[in-house]
Undergrad: 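Structure provided below as structure tokens; questions to follow.
A quick note: this is a predicted structure, and the numbers were derived from the prediction, not measured. Counting begins at 1 with the first residue of the sequence.
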Amino acid sequence: MSERKKFQAESERLLDLMINSIYTHKEIFLRELISNASDAIDKYYLYALEHGQTPQDLAIRIDLDQENRTLTLTDNGIGMTKEELEENLGTIAKSGSLAFKEQLKKQEEAQNDVDIIGQFGVGFYSAFMVSDEVTVISRSVESDQAWKWVSDGTEGYTLDPAKKEGHGTTIILKLKADDDLDSYSQYLDSYQIQDLVKKYSDYIRYPIQMEVEIQKRVEGDENNETPSYESAKELRTLNSMVPLWKRNKADITQEDFDRFYQDHFYDFQKPLEKIFFSVEGSVSFTSLLYIPARRPENFYSRQYKPGLQLYSRGVLIENNCESLLPDYLRFVKGLVDSQDLSLNISREMLQHDHQLRVIKNRIEKKVLGELSSMLKKDPEKYEGFWKNFGLDLKFGLYNSMGQDKDKLQDLLMFYTSNDGKLESLADFVKSLPEEAKEIYYVSGTNPAAMAKLPTVVKLKSKNIPVLFLTDEIDEFVLQTLGTYEDHAFKNAQQGDLNLDSDEEKEALKNQNEENKDLLEFMKEALPEVSEVRLSNRLVDDPVMLVAGDGMSFEMERMFTLMAQQSGEEPVPGMKAQRILEINPNNKIWTTLRADYSTDKEKVKAIAQVLYDQACMIEGFPIADPVEYARKVTALLAE
Ligand code: ADP
Ligand code: MG
């Protein structure tokens with residue numbers, strides 16, 4: 001009694017699209033099915049290793065049957081249980097198909113109809129582009145029972161128990177009848193299939209076999225002048241089985257590399273960069289690495305699996321070997337193939353192998369080297385990389401407590417006051433005036449707003465560029481660095497800027513001294529403020545808030561945020577010291593001085609308004625917005 005099931009709605013839409021596709025490269029269905037078969041054999045191989053079995057005669061087989069118009073593909077891979085058949089072939093949760101569907105949705109929204117099928121690993125469903133009916137007979141390596149899945153791709157499928165010797169999967173395509181647009185009979189043609197395998201699947205590491213007809217010379221008698229032949233069948237391996245990374249570099253096109261990446265690492269976008277290199281030495285290996293052009297959606301979740309594929313002499317031993325990459329390079333995808341790893345030691349032991357550490361170090365060096373030359377040769381490309389994965393490098397630097405400082409510091413990028421764009425720390429330092437000892441920085445979220453901060457304006461007026469810290473971790477990164485090229489880091493919103501000449505300093509000191517009473521009076525009016533002083537830091541703006549030595553405003557924000565996240569009250573002491581600085585060249589100072597002898601209440605009101613404004617500029621909320629608005633209005637109305 002067969003079970004009838006419906007496709008999940010999403011799958012049905014995708015299938016509909018596939019079946020009615022007028023796409024001209026329908027032939028890619030073969031590549032997709034072969035790629036699945038190869039994946040399944042990989043999985044079986046790993047399974048066998050873990051279970052102490054010796055995998056034998058791993059192969060993919062193609063059979064053509066002209067009479068019944070069927071193309072059959074058989075593998076002796078991991079197979080599928082009944083549940084897996086339903087899960088994998090009844091729903092589209094699978095990488096290639098899912099990415100394809102997402103892209104399709106975007107395309108619909110944008111209302112263009114660029115042909116997109118060819119760009120994707122579209123997966124199993126592509127079989128329906130060429131078939132009226134698809135039958136899958138599969139037996140899981142974990143089960144004695146085989147199951148048969150049959151569908152015409154319209155709305156549902158049937159599932160029945162079936163008989164099958166050994167584990168693996170057989171897929172039978174009942175090819176469509178030829179029509180005006182397409183010939184499906186070509187997929188029954190032995191030569192055509194041989195060509196397609198060569199074209200799309202040559203590098204598959206398992207033999208793809210097919211019985212081909214050959215003409216055999218009949219040994220006749222010596223006198224017979226024209227030799228005679230008879231047809232015979234021979235099982236032939238159609239692919240060269242040389243994996244991409246073992247091919248001659250000169251014969252590999254950029255497209256080959258991109259395609260390989262998209263197929264193996266489930267990205268529908270081309271990679272930003274590929275790194276392909278071999279190392280000869282105490283441990284020899286070849287490595288093909290990729291830096292993705294975008295951040296995977298699950299990158300910061302636990303679902304993301306970092307690591308590289310590990311091969312020993314072309315044979316996969318681990319799919320996500322994490323010990324090949326330092327943590328901060330977890331975005332790198334790719335593989336390592338080494339002839340120096342012994343297969344007879346268990347995979348557990350491999351983890352601890354010193355050989356892996358050697359490889360890891362070489363990979364780390366190589367990737368960092370490539371990044372560094374990208375930064376030099378193609379800063380725009382590097383910027384793209386930095387926006388996706390720069391945070392990881394910063395965490396790497398911070399987490400290593402500075403141990404990786406030398407490796408990573410030249411790769412850092414920040415927004416700066418130079419032109420509001422991302423700039424490498426190295427370039428930034430080059431823009432410093434010759435005599436500059438310190439690197440000034442300010443913290444915030446929006447570089448455009450940061451460029452307008454009074455301190456930044458002041459420093460710019462002295463031709464001193466400022467580093468903009470926009471990530472929460474940035475200040476900690478600078479602390480970890482300590483110095484960069486002998487320049488200490490200095491928070492421009494904290495303490496004294498030390499920019500003035502001795503005379504200027506002296507003059508300011510006197511001015512502060514002369515107005516001691518007024519400044520003291522203002523301070524009394526502002527309970528949160530520990531000091532009110534005149535300052536040369538300001539160019540045009542009337543006031544600003546600076547932090548005293550010790551905790552910075554940015555750290556105060558971090559602590560407040562951490563307290564909020566853990567649901568606790570902020571610790572009272574965890575506050576930066578607030579100093580209100582006044583610009584003695586701004587008109588408001590003249591007003592304050594004049595009013596101090598005649599109208600102390602007004603001075604108090606102005607002080608409070610100025611303080612609130614300074615808070616706003618610094619990005620702090622003002623304590624009582626209503627009160628603030630009232631005071632401003634009253635002052636305006638005078
Ligand atoms: P993808 O290969 O991108 O995961 P596919 O649509 O090609 O998506 O395949 C869907 C899933 O079906 C695979 O992930 C795999 O779990 C399963 N599958 C397909 N073909 C086979 C096969 N020959 N043997 C075992 N499982 C298979
Ligand atoms: Mg697939």
Undergrad: Are Phe7 and Tyr157 near enough that their ring centres are under 6.0 Å apart?
TA: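 So the answer is yes for these two rings.
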Undergrad: Taking atom CD of Gln215 as the centre, does the number of heavy atoms from other residues, nucleotides or ligands within less than 6.0 Å exceed 12?
TA: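 Counting other residues, nucleotides and ligands, CD of Gln215 exceeds 12 neighbours.
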Undergrad: Is Ser287 reaching over with its side chain to a backbone N or O of Phe277, donor-acceptor style, under 3.5 angstrom?
TA: no
Undergrad: Using side-chain heavy atoms (C-beta onward) and a distance below 4.5 Å, is Tyr290 in contact with Asp267?
TA: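 SC-SC contact between Tyr290 and Asp267 ruled out.
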Undergrad: Could you tell me if Asp258 and Gln254 have a donor-acceptor pair between their side chains, going purely by distance under 3.5 Å?
TA: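 The criterion, which ignores hydrogens and geometry beyond distance, is satisfied for Asp258 and Gln254.
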Undergrad: To check you understand the geometry: which heavy-atom pair defines the closest contact between Thr158 and Ser2, and what is its length?
TA: CB-CB, 4.3 Å
Undergrad: Under the ring-ring contact (aromatic ring centres under 6.0 Å, His included) definition, can you give me all pairs with a residue in residues 359-378, not counting sequence neighbours?
TA: none
Undergrad: Evaluate side-chain contact (heavy atoms from CB on, under 4.5 Å) for Thr135 paired with Thr170, printing each intermediate quantity in order.
TA: CA-CA 8 Å; Thr135 303; Thr170 297; over 6 Å; no
Undergrad: Between Asp152 and Phe128, is any pair of side-chain heavy atoms under 4.5 Å apart?
TA: no
Undergrad: Please check if the side chain of Asp65 supplies one atom and the backbone of Asn68 the other of a donor-acceptor pair under 3.5 Å.
TA: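 Side chain of Asp65 to backbone of Asn68: a pair is present.
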Undergrad: In the structure I gave you, are the side-chain heavy atoms of Trp149 and Met80 within less than 4.5 Å of one another anywhere?
TA: no
Undergrad: Distance from Asp189 atom CG to Gln194 atom CD, nearest 0.5 Å?
TA: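 The CG atom of Asp189 sits 8.5 Å away from the CD atom of Gln194.
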Undergrad: Taking the side chain as every heavy atom from C-beta outward, state whether Leu411 and Tyr382 have any atom pair closer than 4.5 Å.
TA: yes
Undergrad: Do Arg330 and Phe299 form a cation-pi contact, if we require the NZ or CZ to be under 6.0 Å from the six-membered ring centre and within 45 degrees of the ring's axis?
TA: yes
Undergrad: For Arg362, I'd like to know if atom CZ has over 12 heavy atoms of other residues, nucleotides or ligands within 6.0 Å.
TA: no
Undergrad: In the structure I gave you, are the side-chain heavy atoms of Ile34 and Tyr200 within less than 4.5 Å of one another anywhere?
TA: no
Undergrad: Tell me whether Ser424 contacts the main-chain N or O of Met413 through its side chain, where contact means a donor paired with an acceptor under 3.5 Å.
TA: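 The answer is no, because no donor-acceptor pair under 3.5 Å joins these two groups.
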Undergrad: For a side-chain hydrogen bond (donor to acceptor under 3.5 Å, both in side chains) with Tyr206, tell me which candidate from Asp42, Asp75, Asn239 qualifies.
TA: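 Single side-chain hydrogen bond (donor to acceptor under 3.5 Å, both in side chains) partner of Tyr206 among Asp42, Asp75, Asn239: Asp42.
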Undergrad: Looking only at heavy atoms, what is the nearest atom pair of Asn388 and Ala293, with distance?
TA: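 Scanning both residues completely, I find the closest heavy atoms to be ND2-O, 3.1 Å.
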Undergrad: Go through the steps for Val134 and Ser151 under the test side-chain contact (heavy atoms from CB on, under 4.5 Å), then give the verdict.
TA: CA-CA 6 Å; Val134 177; Ser151 173; 5.8 Å; no
Undergrad: Donor-acceptor pair, Glu230 side chain versus Lys216 backbone, under 3.5 Å?
TA: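 A pair under 3.5 Å: no.
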Undergrad: Just verifying a value: how many Å separate Leu175 CG and Gln186 CD, rounded to the nearest 0.5 Å?
TA: 9.5 Å
Undergrad: Under the criterion side-chain contact (heavy atoms from CB on, under 4.5 Å), I'd like the reasoning laid out for Lys164 against Ser138: C-alpha separation, chi angles, the key distance, then a yes or no.
TA: CA-CA 8 Å; Lys164 180 174 181 7; Ser138 194; 5.8 Å; no
Undergrad: Does any N or O in the side chain of Gln145 come within less than 3.5 Å of the main-chain N or O of Ala162, such that one atom is a donor and the other an acceptor?
TA: yes
Undergrad: Tell me if a side-chain donor or acceptor on Arg31 pairs with a main-chain N or O of Ser35 at a distance below 3.5 Å.
TA: no
Undergrad: Counting only heavy atoms not in Lys394 (residues, nucleotides, ligands), do more than 12 fall under 6.0 Å from its NZ?
TA: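 Counting neighbours around NZ of Lys394, more than 12 heavy atoms of other residues, nucleotides or ligands fall under 6.0 Å, so yes.
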Undergrad: What residue pairs, at least two apart or across chains, pass salt bridge (charged side-chain N to carboxylate O under 4.0 Å, His left out) with a residue in residues 237-250?
TA: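 Applying salt bridge (charged side-chain N to carboxylate O under 4.0 Å, His left out) to every pair that reaches into residues 237-250, excluding sequence neighbours, yields Lys246-Asp337, Arg247-Asp256.
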Undergrad: Set out, in order, the CA-CA distance, both residues' side-chain angles and the distance that settles side-chain hydrogen bond (donor to acceptor under 3.5 Å, both in side chains) for Ser185 and Arg69, then state yes or no.
TA: CA-CA 8 Å; Ser185 304; Arg69 281 187 78 76; 3.1 Å; yes
Undergrad: Would you say Glu234 has more than 12 foreign heavy atoms packed within less than 6.0 Å of its CD?
TA: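 It does: Glu234 CD has more than 12 such atoms within range.
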Undergrad: What residues, two or more places apart in sequence or in another chain, satisfy salt bridge (Lys or Arg N to Asp or Glu O under 4.0 Å) together with Lys387?
TA: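 Counting only residues at least two positions away or on another chain, Lys387 forms a salt bridge (Lys or Arg N to Asp or Glu O under 4.0 Å) with Glu383.
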Undergrad: Taking the side chain from Glu87 and the backbone from Glu84, do they hold a donor-acceptor pair closer than 3.5 Å?
TA: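 Judged by distance alone, no pair lies under 3.5 Å.
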Undergrad: Okay, side chain of Arg61, backbone of Thr74: is any donor-acceptor separation there less than 3.5 Å?
TA: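 Not a single qualifying donor-acceptor pair exists.
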Undergrad: Between CD of Glu273 and CZ of Phe257, what distance do you get to the nearest 0.5 Å?
TA: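 Result: 11.5 Å between the selected atoms.
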Undergrad: Working to the nearest 0.5 angstrom, can you tell me the gap between Gln66 CD and Ser190 OG?
TA: 8.5 Å
Undergrad: Over all heavy atoms of both residues, which pair between Thr70 and Leu188 is shortest? Give the atoms and the distance, please.
TA: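 Looking at all heavy atoms of both residues, the closest pair is O-CD2, 3.5 Å.
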Undergrad: Do Ile363 and Leu289 come within less than 4.5 Å of each other through their side chains, counting heavy atoms only?
TA: yes
Undergrad: To the nearest 0.5 angstrom, please state how far the CG atom of Leu393 sits from the NZ atom of Lys407.
TA: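 It comes to 12.0 Å.
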Undergrad: Could you check whether atom NZ of Lys376 has more than 12 heavy atoms from other residues, nucleotides or ligands sitting under 6.0 Å from it?
TA: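 No, the 6.0 Å shell around NZ holds no more than 12 heavy atoms from other groups.
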Undergrad: Any carboxylate oxygen within less than 4.0 angstrom of a Lys/Arg side-chain nitrogen, looking at Glu370 and Lys366?
TA: yes
Undergrad: Any donor-acceptor pair under 3.5 Å linking the side chain of Asp410 with the backbone of Ser372?
TA: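 No, Asp410 side chain to Ser372 backbone: no donor-acceptor pair under 3.5 Å.
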Undergrad: Evaluate the side-chain proximity of Val336 to Trp245: yes if any heavy-atom separation is below 4.5 Å, no if none is.
TA: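 No, every pair of side-chain atoms sits at 4.5 Å or beyond.
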Undergrad: Quick check: does any side chain N or O of Asp202 sit under 3.5 Å from a backbone N or O of Val242, one acting as donor and the other as acceptor?
TA: no
Undergrad: Of all heavy-atom pairs between Tyr187 and Glu27, which one has the smallest distance, and what is that distance?
TA: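 Looking at all heavy atoms of both residues, the shortest contact is OH-N, 3.4 Å.
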Undergrad: Looking at every non-hydrogen atom in both residues, tell me the closest pair between Leu325 and Leu329 and how far apart they are.
TA: CD1-O, 3.6 Å
Undergrad: Would you find more than 12 non-hydrogen atoms of other residues, nucleotides or ligands less than 6.0 Å from Asp327 atom CG?
TA: no
Undergrad: With rounding to the nearest 0.5 Å, note down the distance linking OG in Ser201 to CE in Met241.
TA: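 Reported to 0.5 Å precision, the distance equals 13.0 Å.
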Undergrad: Would Tyr328 and Glu364 count as a side-chain contact (heavy atoms from CB on, under 4.5 Å) here? Give the steps.
TA: CA-CA 10 Å; Tyr328 68 85; Glu364 182 181 23; 2.6 Å; yes
Undergrad: With a 4.5 Å heavy-atom cut-off, do Phe29 and Leu71 have their side chains touching?
TA: yes
Undergrad: Which heavy atom of Lys333 sits nearest a heavy atom of Pro292, and at what distance?
TA: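 Shortest heavy-atom separation between Lys333 and Pro292 comes out as CG-CG, 4.2 Å.
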